[in-house]
Amino acid sequence: MSRPHSTGFGFGFGAALVAIYAFIYAPIVISFIFSFSAERFPTIPLGGVSLQWYGFVWSDPDVHAAFWRSINVAALAAPIAVFIGFGAAYTDYRSKFFGKALYLTLGLLPPLVPVLILGVAMLFFFAKVGLFGGLYSIVISHVVLCTPFAFTVVRLRLTQVNPALEQAAWNLGAGPWRTVGSVIVPMCLPAIVAALLVTAAISFDEFAVAWFVSGMNETLPVRVLNFVQGQASPRINAIGSLTFTISMLLVMSALILLFFRTPQGSAPIDAGRDKP
Amino acid sequence: MSEPLIKIRQVSKSFGAFLAVDGIDLDIEEGAFVAIMGPSGCGKTTTLRMIAGLEIPDRGSIHYRGSDVTFASPWDRRMPLVWQNLALFPFLNVIENVAFGLRMANVPKVERRERARQWLDRLDLAEFSRRNVTDLSGGQQQRVALARALVTEPRVLLLDEPLSALDSHLVVRMQAELINLQRQLGITFVYVTHSQSEAFAMADRVVIMDHGRIQQIGAPREIFRLPANRFVAEFVGANNIIPGRVAELRGERALVDTELGRLCAASRSPLALQAEVDIIVGADLIAARPDGAFAEDGEQILSGRVVGEQFLGSSVTLYVDVGMEGPMKVQLPLHKFDQLGVGRGAAVNLSWEPSAALVLPATKQKPGE
């Protein structure tokens with residue numbers, strides 16, 4: 001079959017794609033390159049290669065503290081968000097009830113609220129209830145921000161789960177709670193792990209809300225901002241590259257789990273039929 | 001008389017505006033192999049799911065071993081179901097799938113391994129015990145589903161069209177296995193199917209459903225030869241249906257005026273003169289002879305012309321135009337058909353003994369109403 005325009009179109013499309021990716025990733029790549037610069041004001045090509053900025057970052061106790069704070073927040077916020085998100089997704093899967101559309105909309109809303117507004121709202125709320133400034137106030141805010149993502153990831157997986165599996169478990173004597181534990185959770189396991197990774201990455205990266213509610217407890221992104229405000233040190237490049245790498249690793253692992261691992265049990269129900 | 005194992009009384013179930021099951025009564029005796037058969041949407045699967053507790057009846061009651069289980073939870077019933085799509089757990093291997101019910105019953109690990117292994121042996125699955133269920137063939141998966149359901153040693157096994165996804169050569173083998181299994185275990189099987197051949201081959205009682213109602217309950221042979229109404233006559237076997245009006249009654253016989261003339265048929269239920277009736281004649285009970293040949297004494301004779309034939313293997317169905325709406329179906333063994341030696345367009349005489357024809361009150365409305 002001849003497709004006379006396909007080559008020209010394909011070329012144009014490819015070029016556009018390259019341009020878009022360049023636009024998105026060029027600053028990050030340049031920041032990566034500059035983080036290895038030996039000079040105070042790096043140029044391309046690099047005047048010299050050095051790990052000195054990483055050294056500075058490594059020896060800065062503020063960065064250390066901020067890094068561990070971020071890790072702690074992510075390690076707490078991610079499991080809580082996934083727990084709530086799983087519950088919400090399972091409710092959506094299991095039950096039909098009045099106002100379900102509203103329930104879904106409200107559940108998915110937080111990421112659509114501008115983070116500045118969310119941050120200010122959190123700040124006032126925590127101040128009002130006397131929770132301002134603690135690490136847990138960041139954890140709570142991040143749970144709010146992350147839950148919809150966990151909800152979405154788990155829900156996507158549940159749509160592929162054959163409802164007969166749950167009924168088969170009931171039929172074999174498993175009560176409703178036991179069925180969730182012994183059938184639904186194993187079926188969703190890749191999605192649950194992926195949700196943990198995604199929410200951890202979101203929390204680890206999150207700046208705006210943390211800036212409002214963290215008080216003295218700077219997380220890593222807040223620390224980075226404070227760097228920029230002080231002086232334009234190339235340490236920014238080093239710390240930025242580190243943060244970016246960690247987030248990317250988390251998100252990429254999640255994607256691999258979600259899309260490249262053959263999801264078991266989501267195959268057609270008559271899969272394996274008449275194999276020799 | 002002993003209490004039936006499962007007793008269903010006046011059970012109805014609707015889904016929205018659709019009345020799936022409409023006030024059925026059904027007794028299932030201990031140790032029976034009961035097939036519930038009907039076209040899709042007749043309510044057979046809904047009935048099975050209500051027995052299993054996966055649907056709650058809108059009205060009526062279901063008793064199991066004398067106690068009311070109408071609203072009992074499915075996990076409390078111990079009535080395992082073999083699913084049409086099998087519903088094996090893909091995250092568990094073969095032996096873990098089989099042991100699932102025992103795990104849920106908190107049977108200790110060593111014992112449940114042992115019992116699961118016995119069932120795998122029994123169903124020729126021992127070598128696959130560590131395999132992933134998705135790596136098995138359709139027939140093997142089918143046996144895993146059976147083992148998973150039977151490992152808890154239930155009194156009753158529910159089966160929802162379990163063979164419909166299998167190739168036809170496997171279906172026949174699995175049918176034989178199921179019959180053997182049911183005989184050996186002596187437990188009750190309730191088997192839902194849309195396939196007449198499956199129901200007739202396996203069950204000792206067949207329940208025919210349509211539009212949410214039970215149309216007939218009986219042994220396969222009884223349902224095949226003595227359909228209770230026109231729906232059953234059309235749904236099972238190859239029956240010819242000739243509408244008419246009762247002209248004369250002579251004991252067990254009725255003379256019926258039809259568009260083919262006055263025909264004689266056996267009646268099982270009391271009929272009124274002038275009542276509208278249908279005469280049912282099994283296609284395999286009709287003899288075909290070349291035109292001009294004499295029939296036996298007392299036989300009904302119709303002459304017609306062959307308009308089509310359908311080769312079925314060991315038998316052939318002839319379609320013969322006898323002057324009524326739609327051709328008559330005549331089923332002949334292949335050797336008889338070869339002796340007859342008629343082709344399309346040939347004139348033939350059709351005949352049957354009066355006792356081979358059954359007269360039933362006509363059902364003009366929806367069957368069962």
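Chain A is the first sequence line, chain B the second, and so forth, proteins listed ahead of strands; every chain is numbered from 1. Since the structure is predicted, the reported quantities are computational estimates derived from the model, not experimental observations.
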- Task: Tell me, for B:Leu81 versus chain A, whether the close heavy atoms (under 4.5 Å) come from the side chain, the backbone, both or neither.
- Result: both
- Query: Does A:Phe97 CZ have over 12 foreign heavy atoms under 6.0 Å away?
  - Reply: yes
- Message: Does B:Arg9, at its CZ atom, have more than 12 non-hydrogen atoms belonging to other residues, nucleotides or ligands within less than 6.0 Å?
- Response: yes
- Flag yes if more than 12 heavy atoms outside A:Phe125 fall under 6.0 Å of its CZ atom; otherwise flag no. no
- Item | Region of A:Thr179 that comes under 4.5 Å of a non-hydrogen atom in chain B | neither
Side-chain donor/acceptor pairs under 3.5 Å, residues 87-111 of chain B, sequence neighbours excluded:
unit_1	atom_1	unit_2	atom_2	d
B:Asn93	OD1	B:Ile95	N	3.2
B:Asn93	OD1	B:Glu96	N	3.0
B:Glu96	OE1	B:Asn93	N	2.9
B:Asn97	OD1	B:Phe89	N	2.8
B:Asn97	ND2	B:Phe89	O	2.9
B:Asn97	ND2	B:Leu92	O	3.1
B:Asn97	ND2	B:Asn93	O	3.2
B:Asn106	OD1	A:Arg178	NH1	3.2
B:Asn106	OD1	A:Arg178	NH2	3.4
B:Glu111	OE2	B:Arg115	NH1	3.1

- Note on the structure: Looking only at heavy atoms, the pair that brings B:Ala149 and A:Leu172 closest together is CA-CD2, 4.4 Å
